[in-house]
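The first residue of the sequence shown is numbered 1, and numbering continues consecutively from there.
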Amino acid sequence: MESYSRRGSGAISPAAIEHYRSNSPSGSERRKLSYHPTGEWEPPITRHEEPTGTSEVSKAKRILQVGVAVIYCLLAAGIVFGYAAIKPVLVEEGVYRDKCTQDELDEGVWVCYEQELRLNLMFTVAAVSTNVAALPIGTVLDRYGPRIASIVGTFFLTLGALFFALAEDVPFDAYIPAYLFLALGGPFVFISSFQLSNTFPQHSGLILALLTGAFDTSSAVFLMYRLIYQRTNGWFTPKKFFLIYLIVPVFILAVQLFVMPAQSYKTAGELVNAPESPAAPAPTSTNDHSDEPAPSETTTLLNAKPADKPQPPHQQSQTPKPNPVWGALHGKPALEQILTPWFLLIALFTAIQMTRINYFVATIRTQYTYLLHSPTLATRINSFFDVALPLGGVAAVPLIGALLDHTSTTFVLGLLVTIATTIGILGVIPDSMGAAYANVVLFVLYRPLYYTAVSDYSAKVFGFETFGKVYRLIICGAGVFNFVQQGLDALTHRGFGGDPVPVNLGLGGVALGVGVGLVGFVGRRSWGRGMEGLGMEVEETREVMGSEAAEDHGHRTNGMA
């Protein structure tokens, strides 16, 4: 039993404290208003670094935090996925040109086979590391909070920029570790920002969409650099660019120390389930409502309303229906969560879709060189893709926010499977610029929706209490699976003579099968949870109506007496 003490006296027993509380006329013993249906209160459980509640931070500061997070995610979160934009610069700078044979050099090829594989390996290692990094990120995030995790990210971003800037001056291959460190730094600052969706829980989907949109749009950093490089005829070398880029980790470090929260914001579920703390005022009387604290934004979002009367029909119709998926596994241990189909299906779906996405980003130019039978047309598609990728992240934000906030998880997953299948079909149509452009447009819109939907699914199903562990396992598993990219690249070039159709069809078919299984499972379980919730609502309504009928009967009886 935890001991309590006062200055100048020994330990006071809990019984004495209870006596003091019951006889306090002013209610000076302060504790939180309990949301437990029986009104019971349990002693607080000491936690290391309790998450922050939104009511403890001003609305203006929370808006500032979200805005700043969007800015630094835009500058750092996913810049390595602008690989298609920076690859031409690296080729022009002669990176890995020494891997080419003399015959290839004599032919004057833009990029030779071994050079292509080496450059793609650089991206593959970065893409895999981005996902595998979810393991240490989750550990740091859970133990030390988002501020420390983001500071670790700034360290990796600094290393990556320095390695790139000095790559020409060191006696070893610094390009792969440079891209690796940039890939590690991005997720540390990006994943640490997810908890900001709790700053305004009623707009959590929109906030996640903004962050994911910034993640996607960050690929424009390398696009902007490439355009400047081309305008200056190569004067603005990678060394100059990455030395200037060091400003970004310095900026992130500054805002983490002075603006961003040290600990994650609480979710509504965590506020309900959290142990009570003796830090908030308690009402002195159950019948006197004048001393009750005014409802905060958090309690309003929790929809904590008295059950004295049922809502009028017109108010009930205005109340949004809860997502049946929300809270499916909240409060359960992480190990128990990852052994369920909820986890296994989304993990497999994520691994396959992420491999398809990264494979397309790394090989878009070579794929369309074969499909369109024209290097010039392939370059045109590649240039369109470089611009469309970041713009797609921005354009998709309002759509993603509306989908996640106002549609069911089953519908969102079904939409993902439908779009992914359409992309697979468009990606194997030869000699069609229309199909190529349509494929790129759908791809750049699908990518942010996919990433946001996975994080949204994880938060709704598993909860933020285990979000770091569960989400990092999903992303890490997908990252390890992404190592097959190198094999797919070699298979395309050596096994199918550069034809990307067989590999794309194979990946698309597997993704469709897993996607249908995921949608079917989630849809079935959502329906069951929805019916269960409906039954509970009906039962509660009957109880309320029954109590009101008994109360009215009592009033009539007293009146007759």
Side-chain angles (χ1 to χ4, degrees), residues 46-79 129-130 133-161 181-201 204 207-208 210-212 214-215 218 245-267 270-271 274 277 279 298 334 455 458-459 463-472 475-476:
T46 302
R47 287 186 177 183
H48 177 67
E49 300 291 353
E50 185 74 17
T52 305
T54 55
S55 60
E56 302 172 17
V57 182
S58 68
K59 182 177 181 180
K61 186 170 184 178
R62 283 179 281 142
I63 293 175
L64 175 63
Q65 289 171 344
V66 173
V68 168
V70 170
I71 292 173
Y72 65 63
C73 285
L74 180 64
L75 296 174
I79 60 171
S129 301
T130 299
L135 281 172
I137 292 172
T139 300
V140 174
L141 186 60
D142 290 343
R143 292 186 180 182
Y144 304 107
R147 176 178 292 171
I148 297 299
S150 295
I151 291 175
V152 173
T154 64
F155 172 73
F156 284 123
L157 289 171
T158 302
L159 283 180
F181 286 131
L182 291 177
L184 290 175
F188 266 98
V189 298
F190 178 54
I191 296 178
S192 300
S193 302
F194 284 172
Q195 52 88 24
L196 293 175
S197 65
N198 294 324
T199 54
F200 299 95
S204 61
I207 294 173
L208 283 175
L210 285 170
L211 293 172
T212 307
F215 171 85
S218 63
Y245 184 79
L246 288 171
I247 296 174
V248 174
V250 173
F251 166 71
I252 299 174
L253 177 62
V255 298
Q256 288 298 328
L257 293 177
F258 301 108
V259 178
M260 306 304 287
Q263 295 301 319
S264 300
Y265 284 105
K266 292 180 181 178
T267 64
E270 288 170 337
L271 287 170
S277 170
T298 302
S455 58
S458 300
F464 272 94
E465 186 177 352
T466 57
F467 181 83
K469 299 181 181 68
V470 176
Y471 184 77
R472 77 190 185 197
I475 300 301
C476 179

Undergrad: Does any N or O in the side chain of Gln256 come within less than 3.5 Å of the main-chain N or O of Ile148, such that one atom is a donor and the other an acceptor?
TA: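 Such a contact is absent between Gln256 side chain and Ile148 backbone.
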Undergrad: Tell me, with the steps shown, if Val248 and Tyr72 meet side-chain contact (heavy atoms from CB on, under 4.5 Å).
TA: CA-CA 8 Å; Val248 174; Tyr72 65 63; 5.9 Å; no
Undergrad: Begin with the C-alpha distance, continue with both residues' side-chain angles, and end with the deciding distance and a verdict on side-chain contact (heavy atoms from CB on, under 4.5 Å) for Cys73 and Ser193.
TA: CA-CA 9 Å; Cys73 285; Ser193 302; 3.9 Å; yes
Undergrad: Can you check whether Gly78's main-chain N or O pairs, donor with acceptor, with Ser218's side chain at less than 3.5 Å?
TA: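 Present.
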Undergrad: Check step by step if side-chain contact (heavy atoms from CB on, under 4.5 Å) holds for Phe251 and Ile71.
TA: CA-CA 10 Å; Phe251 166 71; Ile71 292 173; 4.1 Å; yes
Undergrad: Can you name the side chain to side chain donor-acceptor pair (under 3.5 Å) partners of Tyr245, sequence neighbours left out?
TA: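 Per chain and number, Tyr245 pairs via side chain to side chain donor-acceptor pair (under 3.5 Å) with no residue.
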Undergrad: Please check if the side chain of Arg147 supplies one atom and the backbone of Met260 the other of a donor-acceptor pair under 3.5 Å.
TA: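 Such a contact is found between Arg147 side chain and Met260 backbone.
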Undergrad: Would you say that Ile151 contacts Leu257 through its side chain, given a criterion of any heavy-atom pair below 4.5 Å between the two side chains?
TA: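 Ile151 vs Leu257: side chains touch.
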Undergrad: For a side-chain contact (heavy atoms from CB on, under 4.5 Å) check, start with the C-alpha distance between Ile63 and Phe200, then their side-chain angles and the critical distance, and finish with the verdict.
TA: CA-CA 9 Å; Ile63 293 175; Phe200 299 95; 3.6 Å; yes
Undergrad: Working to the nearest 0.5 angstrom, can you tell me the gap between Ile252 CD1 and Ile247 CD1?
TA: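 One gets 12.5 Å once the value is rounded to the nearest 0.5 Å.
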Undergrad: So, does Ser192 use its side chain to make a donor-acceptor pair with the main chain of Val189 at under 3.5 Å?
TA: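 No; zero donor-acceptor contacts below 3.5 Å.
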Undergrad: Between Phe156 and Phe181, how do the two ring planes meet: parallel, tilted or perpendicular, split at 30° and 60°?
TA: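 Rings of Phe156 and Phe181: parallel, under 30°.
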Undergrad: Could you state the interatomic distance from CG (Leu74) to CG (Leu210), rounded to the nearest 0.5 Å?
TA: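 Reported to 0.5 Å precision, the distance equals 11.5 Å.
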Undergrad: Please report the shortest heavy-atom distance between Leu157 and Ala76, naming the atom on each side.
TA: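 Of all heavy-atom pairs spanning Leu157 and Ala76, the closest is CD1-CB, 3.7 Å.
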